[in-house]
Amino acid sequence: MSKVKAYNLEGLNLRVSPFISSLGVFPPNSHEFLRLVNMDADLIGAKKKRPGYGTLLTSLGGTIDSLFDWHQQDGTTFNLYAASGGTLYYSSQGTGAWANCGNGTFTTGVNLGHAVHDGTLLMVGDGIINTRHTTNGTSFTDTSGAPKAIDFQEYQGRMYALGTSNNLTYATTGTATDWTTDSASITIPGAGKNLSLMKVANRLVATKNSGEMYRWDGYNLYDMSTVLGPTSQASVDQVENYAFYLNRWGVYSFNGDSPEIVSNPIKKQIYNDAGSAIQPGTFSNAYSEVHYYNYLLSVGTVTDDLTKETINNCVLNYDFQLNQWSNYDMGTQITAMESFRDNSGSQTLILGDNSGQCYTYGGTYTNDNGLPIQATMEMVFHGQEPAQDKKFNQLWLLFNPGCQAHVQVAVANTFTKEKLNWIDIGDVSDGYKEFRFPSATQGRLLFLKITETSRNARFVFYGYEIDYDLVVRR
């Protein structure tokens with residue numbers, strides 16, 4: 001008789017063969033998932049259903065292309081901004097009704113680059129229309145002498161603008177409106193078009209859509225000898241001193257030295273032989289946001305070629321602290337996100353979709369604007385003996401009391417999902433479930449699937465135990 005305990009639940013892993021990623025192998029009593037949809041690592045070792053979202057303000061009528069905020073120098077006054085249908089809107093304190101920004105016409109379908117100078121000026125550009133700035137937060141002025149730019153950063157007392165003609169231009173020290181007196185332009189060499197401008201490890205890093213990256217320290221420009229830079233300007237965001245972004249080969253972290261891939265566990269959702277992962281056009285416009293220590297990346301609809309399961313309106317969720325991945329299947333197509341400090345001082349995540357509606361994520365929301373959130377966890381157990389028959393005796397599962405999850409098991413000899421015969425194990429609302437397998441339940445593999453679709457609750461799954469016997473054949 002053998003008993004295995006799994007109370008250190010980890011993240012999604014579609015990269016490692018499920019026949020070598022097993023209970024009893026380092027780390028002890030851990031388990032990764034074949035499917036992990038709409039679940040968070042709220043407690044280390046356990047999984048909790050993600051929260052939902054509800055509407056914020058009125059619809060703007062067209063796809064939300066950008067979301068950002070500007071907290072002004074007094075520390076309390078701020079505006080939330082949304083770009084939709086070629087118009088930039090603002091909401092005072094993130095609660096006032098949307099209003100058109102004066103001279104706020106930009107290009108439809110383009111993410112807006114933006115940066116703040118000295119706390120008193122916000123600069124915005126799309127690389128097509130003239131670069132503009134505002135000091136009052138509501139009305140913009142064309143910035144005389146500034147290049148048309150796609151991204152901006154304040155660095156060493158100067159405002160830098162990444163232009164569309166392979167140039168990185170800086171303004172006169174101490175001002176973002178004088179681009180003549182002490183201004184100069186640096187040529188960004190190499191293949192491709194300028195894409196994004198990051199500030200990491202006290203250096204500026206200019207990237208091109210070819211993946212090339214160049215580091216500027218205020219005096220010299222260095223070729224970083226890589227093609228692993230971002231493919232989408234909107235996919236770049238930072239937590240602590242790390243930037244994260246999407247490349248056609250995966251999601252990378254970057255601390256100013258060399259890019260490092262962090263998405264190996266979900267490689268089959270980034271690209272695969274079936275061509276069903278992130279679609280080619282999405283690599284150039286995927287939108288991301290860091291909320292607390294989670295890097296969220298909206299990538300449309302993806303299907304991995306291992307489980308062959310589809311995630312609609314997929315947001316890839318990377319927990320930076322735990323180095324774990326999961327998937328969010330959102331109730332709408334997310335096209336923009338922004339995490340900011342709201343009026344109450346709480347960190348708040350705002351979502352924008354392809355219909356022009358914005359939403360507040362988290363808090364007490366337990367559904368996606370009225371739509372149920374279907375959470376799914378699926379795993380396979382083989383006891384480090386995938387070729388050996390096993391007689392399965394008992395299964396114990398631990399949830400929170402009141403849990404409305406639906407649990408199924410399937411015993412099989414193959415990994416073919418079409419041949420799985422799922423068996424319901426009954427109610428788990430007490431939080432503790434003991435299931436005795438029917439006599440003579442025998443096979444090489446045990447599949448466990450947990451789903452939940454309630455509109456009004458978030459459940460927690462703490463882990464499980466399996467009792468089984470190896471079947472010796474002579």
Side-chain angles (χ1 to χ4, degrees), residues 2-51 239-240 253 262-266 290-296 307 315-329 362 366 373-384 394-409 425 428-435 446-452 454 457-468:
S2 299
K3 180 182 282 190
V4 171
K5 302 177 181 181
Y7 294 109
N8 183 19
L9 305 176
E10 298 188 60
L12 177 67
N13 195 332
L14 299 170
R15 179 62 166 166
V16 176
S17 166
F19 299 130
I20 63 174
S21 179
S22 163
L23 295 172
V25 180
F26 181 85
N29 300 323
S30 66
H31 203 100
E32 293 177 312
F33 293 84
L34 287 171
R35 298 180 67 199
L36 188 58
V37 184
N38 290 326
M39 299 296 293
D40 285 332
D42 183 66
L43 297 170
I44 294 176
K47 298 300 174 188
K48 184 176 183 178
K49 186 178 180 181
R50 71 162 174 87
V239 56
E240 293 185 350
S253 70
V262 296
S263 61
N264 276 332
I266 59 164
V290 167
H291 185 55
Y292 293 111
Y293 281 89
N294 289 65
Y295 173 75
L296 305 171
T307 70
V315 172
L316 302 175
N317 171 35
Y318 178 58
D319 188 317
F320 170 63
Q321 290 182 313
L322 297 180
N323 190 30
Q324 294 179 6
W325 287 93
S326 67
N327 298 146
Y328 289 170
D329 190 345
T366 56
I373 301 168
Q374 177 164 319
T376 303
M377 292 177 283
E378 190 172 328
M379 58 211 81
V380 61
F381 170 79
H382 53 75
Q384 301 180 65
Q394 287 179 270
L395 172 67
W396 297 264
L397 304 106
L398 280 87
F399 299 87
N400 63 295
C403 172
Q404 300 178 41
H406 179 214
V407 184
Q408 296 176 296
V409 293
I425 74 165
V428 298
S429 60
D430 286 343
Y432 172 82
K433 180 66 179 181
E434 179 180 353
F435 174 70
L446 173 64
F447 291 83
L448 174 63
K449 180 164 65 174
I450 301 169
T451 57
E452 200 262 18
S454 72
R458 296 177 63 192
F459 77 97
V460 181
F461 178 49
Y462 295 102
Y464 63 96
E465 299 182 22
I466 301 173
D467 180 277
Y468 67 98

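Distance alone, capped at 3.5 Å, is enough to place a donor-acceptor pair between the Glu452 side chain and the Ser454 backbone. Of the possible polar contacts, none joining the Arg50 side chain to the Asp40 backbone as a donor-acceptor pair under 3.5 Å is found. At distances below 3.5 Å, at least one donor-acceptor pair connects side-chain atoms of Asn38 with backbone N or O atoms of Gln374. With hydrogens and angles ignored, the 3.5 Å screen pairs no side-chain donor or acceptor of Trp396 with any backbone N or O of Asp467.
Between Asp42 and Val460 the shortest side-chain heavy-atom distance does not fall below 4.5 Å. Two residues are said to be in side-chain contact when any heavy atoms from C-beta on lie closer than 4.5 Å; Phe435 and Val407 fail this criterion. By the 4.5 Å heavy-atom criterion applied to side chains, Val428 and Leu397 are not counted as neighbours. Residues Tyr295 and Val262 fail the side-chain proximity criterion, which asks for heavy atoms closer than 4.5 Å. Two residues are said to be in side-chain contact when any heavy atoms from C-beta on lie closer than 4.5 Å; Asn327 and Leu316 meet this criterion. Between Arg35 and Met377, the closest side-chain pair of non-hydrogen atoms is not below 4.5 Å. In this structure, Leu36 and Trp325 have side chains that are not in contact, with every pair of non-hydrogen atoms separated by 4.5 Å or more. Looking at heavy atoms from C-beta onward, Met379 lies out of side-chain contact with Leu34 at the 4.5 angstrom threshold.
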- request: With side chain to side chain donor-acceptor pair (under 3.5 Å) as the test, would you mind laying out the steps for Tyr292 and Asp319 before giving the verdict?
  value: CA-CA 9 Å; Tyr292 293 111; Asp319 188 317; over 6 Å; no
- request: Take Lys47 and Gln324, measure what side chain to side chain donor-acceptor pair (under 3.5 Å) needs, and give me the verdict at the end.
  value: CA-CA 12 Å; Lys47 298 300 174 188; Gln324 294 179 6; 2.8 Å; yes
task: Carefully, step by step, assess Leu448 and Ile466 under the rule side-chain contact (heavy atoms from CB on, under 4.5 Å).
output: CA-CA 11 Å; Leu448 174 63; Ile466 301 173; over 6 Å; no
task: Tell me, with the steps shown, if Thr376 and Glu378 meet side chain to side chain donor-acceptor pair (under 3.5 Å).
output: CA-CA 7 Å; Thr376 303; Glu378 190 172 328; over 6 Å; no
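For the pair Tyr7 and Tyr464, the tightest heavy-atom approach, listed with the atom from each and the gap, is CE2-N, 3.8 Å. When every heavy atom of Asn400 is checked against every heavy atom of Tyr462, the shortest pair comes out as N-CE1, 3.8 Å. The minimum heavy-atom distance between Arg458 and Pro51, with the atom names listed, is NH2-CD, 3.4 Å. Contact detail for Leu12 and Pro265: the closest heavy-atom pair is O-CB, 3.4 Å. Residue Ile425 comes nearest to Lys433 through the heavy atom pair O-CE, 2.9 Å, listed as atom of the first residue, atom of the second, then distance. Between Phe459 and Ala375, the shortest heavy-atom distance links the atoms CE2-CB, 4.0 Å.
A side-chain N or O of Asn323 and one of Tyr318 form a donor-acceptor pair less than 3.5 Å apart.
Expressed to the nearest 0.5 Å, how far CD1 of Ile450 lies from CZ of Phe461 amounts to 3.5 Å. Distance NZ/Lys49 to SG/Cys403: 9.5 Å, rounded to 0.5 Å. Taken from CD in Glu465 to CD in Gln394, the straight-line distance is 10.0 Å, to the nearest 0.5 Å. Distance check: Leu296 CG to Tyr328 OH gives 6.0 Å after rounding to the nearest 0.5 Å.
When the shell of 6.0 Å around CD1 of Ile44 is examined, it contains 12 or fewer heavy atoms from other residues, nucleotides or ligands.
Ring geometry, His31 versus Phe33: the interplanar angle exceeds 60°, so the pair is classed perpendicular (tilted spans 30 to 60°). Under the 30°/60° scheme for interplanar angles, the aromatic rings of Tyr293 and Phe320 are found to lie parallel.
Residues satisfying the side-chain contact (heavy atoms from CB on, under 4.5 Å) criterion with Ser429, sequence neighbours excluded, are Asp427.
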